Structures are given as structure tokens and as C-alpha cells.
Asker: 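Quick one: this structure, given as C-alpha cells, is what I'll be asking you about.
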Amino acid sequence: MGTAGHVDHGKTSLIKALTNIDCDTHKEEKERGITINLGFSHIDLPSGHSVGIIDVPGHKDFINTMVGGASSIDFVLMVIAADSGIMPQTSEHFNIIETLNIKKAIIALNKIDLVDEELAELAKLEVMEWLEDTPYQDSPIIGVSSTTGQGLDELIAEIDKMIPQIEEKEKGHFFRMFVDRIFTVKGIGSVVTGSVLNGEIKVGQDLFLLPGNKQKLRIRSIEKHGETVDAVVSGDRAAFNLSGLKTEDFKRGMLLTNKDLETTTMIDAHISLFDNADDLKLWSSIIFHSGTFESQARMHLLNKDRLTAGEDAIVQIHLEKETIVINKDKFVIRNTSGNKSYGGGVIIDAQPLHHRKRTPKLLDALELLASGVLNEGNIAELIKIELKKENNPVLADELAGNLNIQVTELLSEIESLDVVISYQPDQQNILILSSVENDYKKQIVDLIQQHHQKNYILNSGLEEVEFYGKFGFSKNKTAKLYTGLLLKKMKAEKLLDVYKNTWIIPGHQATIDNKTQAEIEALNQFIKDFDMRLPTMAEIKTWAQDRRITVESLKLYISYLTNRKSLVHYKNELIHREIVDGLKKKILHFLNTSDDGFYIAEIREITGLTKKLAPFILEYFKDEGWIITSDYNKNSFNSKLTAKGRSEMGF
Ligand SMILES: Nc1nc2c(ncn2[C@@H]2O[C@H](COP(=O)(O)OP(=O)(O)OP(=O)(O)O)[C@@H](O)[C@H]2O)c(=O)[nH]1
Ligand SMILES: [Mg+2]
């Protein structure tokens with residue numbers, strides 16, 4: 001529960017009357033008689049539940065602190081002094097609470113001891129009228145006095161009634177907590193506190209402090225409501241003692257999380273302006289508040305040129321400072337002098353591209369995204385949008401993370417979406433839109449057909465790795481995994497077949513006419529005649545030119561002979577297989593006679609290999625895994641037979 005309300009209306013006094021804890025602990029707070037920092041308390045209810053309480057300042061100068069406190073609460077205790085009624089920060093706090101999507105409120109009409117019955121009734125009517133047509137119109141309004149204790153039992157009963165209405169927070173998410181206080185405890189070290197936004201964390205686990213150097217911080221101990229605990233979950237107040245950093249490394253607004261999240265300085269969002277906000281132009285300077293994070297920012301209206309009070313818009317916000325936010329996070333925007341709240345909204349994309357041009361296509365996509373995020377029921381739509389944005393296969397885990405939903409929720413939604421296909425290799429679900437997959441299928445068939453056409457004398461097709469580059473998948477592990485699965489699936493669908501380790505169109509057969517056959521054989525003989533010398537490419541090309549064989553055909557013939565294993569094509573050199581086989585017999589037999597191996601000079605002696613060819617052959621054998629070499633230098637390396645080499649020779 002969090003307090004809210006105008007300065008001096010008695011929030012802190014009321015919490016003290018309820019819990020016996022004075023949240024105004026600082027000297028300056030005592031001197032000025034106002035709350036400056038967040039205060040923390042808790043109440044044990046008759047039902048047995050324990051409720052954590054955050055007391056916020058009401059003074060207009062500390063709205064940023066109020067936003068930080070209100071960001072993690074489940075319901076609000078709005079304190080309104082019966083003798084003064086609705087005041088500026090009463091409505092400003094209410095606007096913020098609504099923007100932060102806090103759905104429930106209890107209204108405490110405080111200082112009821114200062115008014116007579118008639119005035120109390122009038123104050124209540126004023127509040128009721130003011131709440132009309134807001135999400136809080138059915139909230140209970142209780143007359144209370146922190147001075148006399150009047151109405152406190154009734155208030156406690158209302159708080160108790162609130163508990164079953166609070167939506168259970170998801171615990172399956174990764175852990176997130178904005179840091180709100182940092183201090184050093186003698187003999188213990190740095191302690192940081194905050195309210196857990198998502199997930200669960202236990203003593204002994206590691207946390208990242210972001211933005212930062214991504215060093216893992218071990219949790220030494222956790223306290224909740226002043227008591228040592230083993231774990232905290234979303235909604236809890238928590239104090240962590242962490243190892244690995246100094247107190248000065250922590251700053252208010254940083255995030256503690258168990259997931260290595262990306263920082264951002266740009267976000268796409270849907271915003272609504274409060275009824276009393278100033279007009280905003282295409283670009284405006286604002287202060288952005290999310291949790292305890294705050295930063296100067298420039299805001300760009302995307303679907304409007306000007307925004308007036310009470311209106312909505314889709315915007316791109318450029319932050320001055322790096323932050324860690326995720327989709328669906330709520331935020332508040334204020335003017336740059338920090339004396340007026342403009343409005344707030346929800347993040348629809350935490351890692352967007354820079355939208356320099358406001359094209360209709362972009363706006364369509366963003367409006368769809370916003371409606372998906374705002375109408376939380378429509379997760380299916382969101383999944384589709386997100387997959388379209390990626391256009392690549394993505395892991396279910398990653399997608400759920402991007403959407404800030406549970407994987408189980410994602411997977412159950414997918415069942416109803418015939419557009420999405422999921423695979424299950426090792427339980428990792430890979431998702432892709434079926435329209436995108438169909439496109440990949442078509443491209444794969446086209447690529448192989450082109451390959452067959454060009455390489456008509458080859459039986460082979462394309463290797464799996466060749467598709468990675470063509471689809472821009474080279475750096476994407478998931479996409480590579482997906483390619484392998486897709487190829488297998490296409491084989492099952494009889495769209496593809498396998499020849500050796502390549503993918504071909506079913507029924508593909510090489511065609512070779514007599515002239516081609518003769519040319520290939522001539523090339524084979526030509527290279528064989530080099531015996532224990534390596535032909536240069538120039539020599540081979542001249543040979544081809546003399547016979548009016550084009551470079552294209554020559555390349556094809558070489559591939560053909562390499563595929564047929566007539567030639568060895570290694571490190572851009574060609575050597576005839578029979579020569580290599582002869583050398584293999586000699587060298588591997590020779591190496592088999594000694595466990596200590598032999599130097600290159602000895603090997604040259606028994607084979608008659610040239611200075612150039614000897615290291616080439618030995619390196620080739622090494623790459624094949626038949627031999628290992630050590631003591632490598634230009635002229636000598638000591639080679640030994642490996643187990644693979646032994647079995648290759650049948651030793
Ligand atoms: N008579 C009377 N005075 C009250 C009551 N509640 C609070 N006060 C007085 O009102 C003044 C302000 O109370 P606080 O509890 O500090 O008000 P607050 O809302 O926490 O103020 P900020 O945190 O600065 O926004 C104090 O002098 C309290 O003694 C009440 O029920 N009756
Ligand atoms: Mg106070």
C-alpha cells in the first residue's frame with residue numbers, strides 16, 4: 001500500500017497512527033515538518049496478512065520521489081484532509097496513480113476531528129463528485145483522525161478487504177528492482193533497498209547492477225520489513241547486502257536484476273496527457289520518470305503534430321541517460337522545471353529504431369503495437385506484431401522476455417495462432433510466422449534450382465551452411481538451428497532430398513555429354529601428370545584456354561572431380577587423389593613405426609617429396625585428423641600418427 005495526497009494532509013501521521021512507525025526519520029523532515037524521502041512501514045491485519053506500506057511526500061517539490069514510491073504499489077491510500085478538501089497535489093497524485101495503472105484506492109478523509117458533521121458530509125460529497133467517472137469512483141471513503149483515532153478500525157477493515165482484490169503478481173518473470181536507498185552498515189557493507197517489481201530472488205544468487213559494468217554481485221543477505229529472510233518476491237520491500245561493489249557504485253534509479261538486460265536511451269511509447277497539461281509541440285523537452293529512474297529527455301510526437309490536454313499520442317522519447325526498461329513499463333512525464341506533471345504512459349518498444357520519418361507504414365505498425373500493449377488481453381496480436389518485426393526465427397524465451405509475458409502464456413497463445421509454427425528441439429521452441437517460413441522455403445528451392453542449373457554436371461546441391469550467409473543468419477544461433485530444422489522438414493515434405501551432405505531437389509541427376517566427359521577426363525589426367533608437384537592455377541588455366549574451355553566450365557570440372565574424389569582441393573591447391581593416396585600409404589605406414597614421430601626431413605627422404613609439397617601434404621593429413629604435429633617451424637615439424645590415422649589405415 002502506498003500513501004498519496006497533498007502536503008500536510010496527514011499521510012505520515014495516519015501511518016503512524018495505524019502502525020506505530022514514524023516514517024519521517026530524517027532530521028530535515030523533522031525540522032521542516034514535511035516528508036522528503038520515502039518512508040517504510042508495515043501493518044499486520046486482523047486476517048493475518050501483513051501489508052508493506054510506502055509513505056510518500058506530498059510537497060510539490062518531491063513528486064519525483066512520489067513517483068518512485070508509487071511505481072511498485074498495488075493500491076493507494078489517498079489521504080485528503082477534511083478541512084481543506086481536494087488540493088493541487090491531491091489531483092496530481094491521483095493522475096500519477098492512474099497513469100501507473102494502480103487500479104484500487106481507499107480514500108481516507110483525514111483530520112475529521114477538525115470539522116463538524118455537516119462539513120464532514122460536504123467534504124465527502126466533494127470527493128465523491130470528484131471521483132465520478134474515474135477508475136476510483138467506487139472506492140471506499142472513510143472519515144478518520146490520526147489524532148483521536150476515530151475511524152481507524154474501519155480503515156483497517158477496508159485495507160483487509162483490499163487484499164483478496166489484489167491481482168497476484170507473476171513470479172515467473174526474471175527479477176527486477178529499482179534501487180531507491182543506498183547506505184553503508186558498519187561491519188556489513190553496502191545495503192540497497194527497493195521494491196521488487198518482478199520475479200523472485202534468493203540469498204546466494206547473483207544480481208547485476210545496471211546500467212553498469214555487468215559484474216555479478218552475490219547476495220549475502222536479504223531483509224524484508226526489518227527481518228532476515230531467504231527470498232523476496234514481486235511486491236516485497238527488500239534490503240540487500242551485496243558483495244562486490246562499494247556504496248558509491250550504487251545510484252538511485254539503477255536497476256538490480258538477475259538478467260543481463262540491454263540498456264536503452266530511446267523508447268517508443270503510448271502517452272496520455274493530464275487534463276491540466278500544457279500543449280506539447282512536435283518536439284518537446286520533458287523529464288522522464290520510471291520507477292526511481294529519472295532523466296531529461298526530448299519527446300517526438302509520431303502520430304500527431306501537436307498534443308493538447310487530455311489527448312493520447314504515440315511518441316518516441318530520447319533519453320539523456322541510459323536506462324533499463326522493458327515493454328509495458330509505466331512512466332510519468334513532467335515539465336523541465338519539474339513543477340508540473342504532463343502525463344504518462346506505457347512503453348510499447350524498449351529497443352526501437354530511430355524513427356526519423358513518420359511514414360504511414362511505421363505509424364500503422366506502432367498503432368497496432370500500442371493497441372496490443374494497451375489491451376493486454378490481446379496477446380496473440382502482440383506476438384504476431386513482434387514476430388513480424390523480427391521477421392526471423394526467435395526463441396520462445398526471448399520473445400516472452402521482449403513482450404514481458406510468461407513463456408507458458410506465450411506458448412498457450414500460439415496454439416490458437418495458425419500463423420506461427422513452433423519446433424521443439426531440446427525443449428527450446430523456435431517461433432516464426434508461417435508466411436515468413438513459406439518465403440524461406442521458396443527461397444531455398446529457388447537457390448538450389450539455380451545451383452543445379454549452373455552446376456548441371458554435379459549431383460550435389462547446397463550445404464546447410466551456404467544458406468546461413470544467404471539469409472543473413474551467420475551471426476544468429478537460433479536462425480542457424482532453425483535452418484537445419486526447416487531443411488529436414490522440407491525433406492519430410494518431399495520438397496528436398498539429400499545427396500551426400502548437400503541438399504538437392506528430389507530427382508536431380510547430373511547430365512554429362514560425351515564432349516564434357518572427355519574434357520573432364522583430360523583435366524584429370526593433366527593434373528595427375530604433375531605427380532609430386534603442385535600445378536599452379538595459371539598452368540591449369542592455360543591448359544583450359546588451349547582447349548577453349550571457359551573458366552566457368554573449368555571451375556565446374558574441378559568441383560566435379562573434387563566431388564568424385566579424383567582430386568584433392570586443399571588450401572586453393574589441386575593434387576591428384578592417387579598421388580595423395582600413394583603418399584598416405586607411405587607416410588602413415590612410416591609414422592606407425594614410431595610413437596615418437598618423425599621430422600619432415602626424414603619423411604621427405606622416404607617419399608621423395610619436394611620442399612613445397614611436403615609441408616602441404618602433412619598439413620592436409622593433420623587437418624584430416626590422421627596425424628598430429630609438434631615442434632612446428634618452417635622446415636621441420638615432428639609428426640605422429642593419431643588413433644584416427646591408425647584406423648584409417650586399418651592398423
Ligand atoms: N487535528 C489533526 N491534525 C492532524 C491529523 N493528521 C495529521 N495532523 C497534523 O497535520 C500536520 C501534517 O501531518 P503530516 O502527517 O506530516 O502530513 P503529511 O501528509 O505526511 O505531509 P507531507 O508528507 O509533507 O506531504 C501535522 O502537524 C499533524 O500533526 C488529524 O487527523 N487531526
Ligand atoms: Mg508525510
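All values below come from the heavy atoms of this structure, side chains included, with hydrogens, waters and symmetry mates left out. Counting convention: from 1, in listed order, for ligands and their atoms alike. Predicted, not measured: the structure shown is a model, and the values here were computed from it.
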Asker: With Lys259, which residues qualify under side chain to side chain donor-acceptor pair (under 3.5 Å), at least two apart?
Answerer: none
Asker: Atoms of ligand 1 less than 4.0 Å from Val7 heavy atoms?
Answerer: 24 (O), 25 (O)
Asker: Once you restrict to heavy atoms under 4.0 Å, what part of Asp113 touches ligand 1? Side chain, backbone, both or neither.
Answerer: side chain
Asker: Do any N/O atoms on Asp24 end up under 3.5 angstrom from N/O atoms on ligand 1?
Answerer: no
Asker: Tell me, which protein residue and heavy-atom name are nearest atom 29 (O) of ligand 1, and how many Å apart are they?
Answerer: Ser13 OG, 4.3 Å
Asker: Would Asp8 count as a contact of ligand 1 if the rule is a heavy atom under 4.0 Å away?
Answerer: yes
Asker: Regarding atom 8 (N) of ligand 1: of the candidates Lys111, Lys16, His59, which has the closest heavy atom?
Answerer: Lys111
Asker: Using a distance threshold of 4.0 Å (strictly less than), state whether atom 18 (P) of ligand 1 has a protein heavy-atom neighbour.
Answerer: yes
Asker: Between Ile34 and ligand 1, which residue portion shows a heavy-atom distance shorter than 4.0 Å: side chain, backbone, both, or neither?
Answerer: both
Asker: Which residues pass the side chain to side chain contact (heavy atoms under 4.5 Å, CB included) test with Pro46, not counting sequence neighbours?
Answerer: Ile156, Asp160
Asker: Using a 3.5 Å cut-off on N or O atoms only, is Gly10 in polar contact with ligand 1?
Answerer: yes
Asker: List the residues meeting salt bridge (Lys or Arg N to Asp or Glu O under 4.0 Å) with Lys304, not counting sequence neighbours, and say none if there are none.
Answerer: none
Asker: Identify the protein heavy atom lying closest to atom 6 (N) of ligand 1, giving its residue, its atom name and the separation to 0.1 Å.
Answerer: Ser146 OG, 2.8 Å
Asker: At distances under 2.8 Å, what protein N, O or S atoms surround the Mg ion (ligand 2)?
Answerer: Thr12 OG1, Thr35 OG1
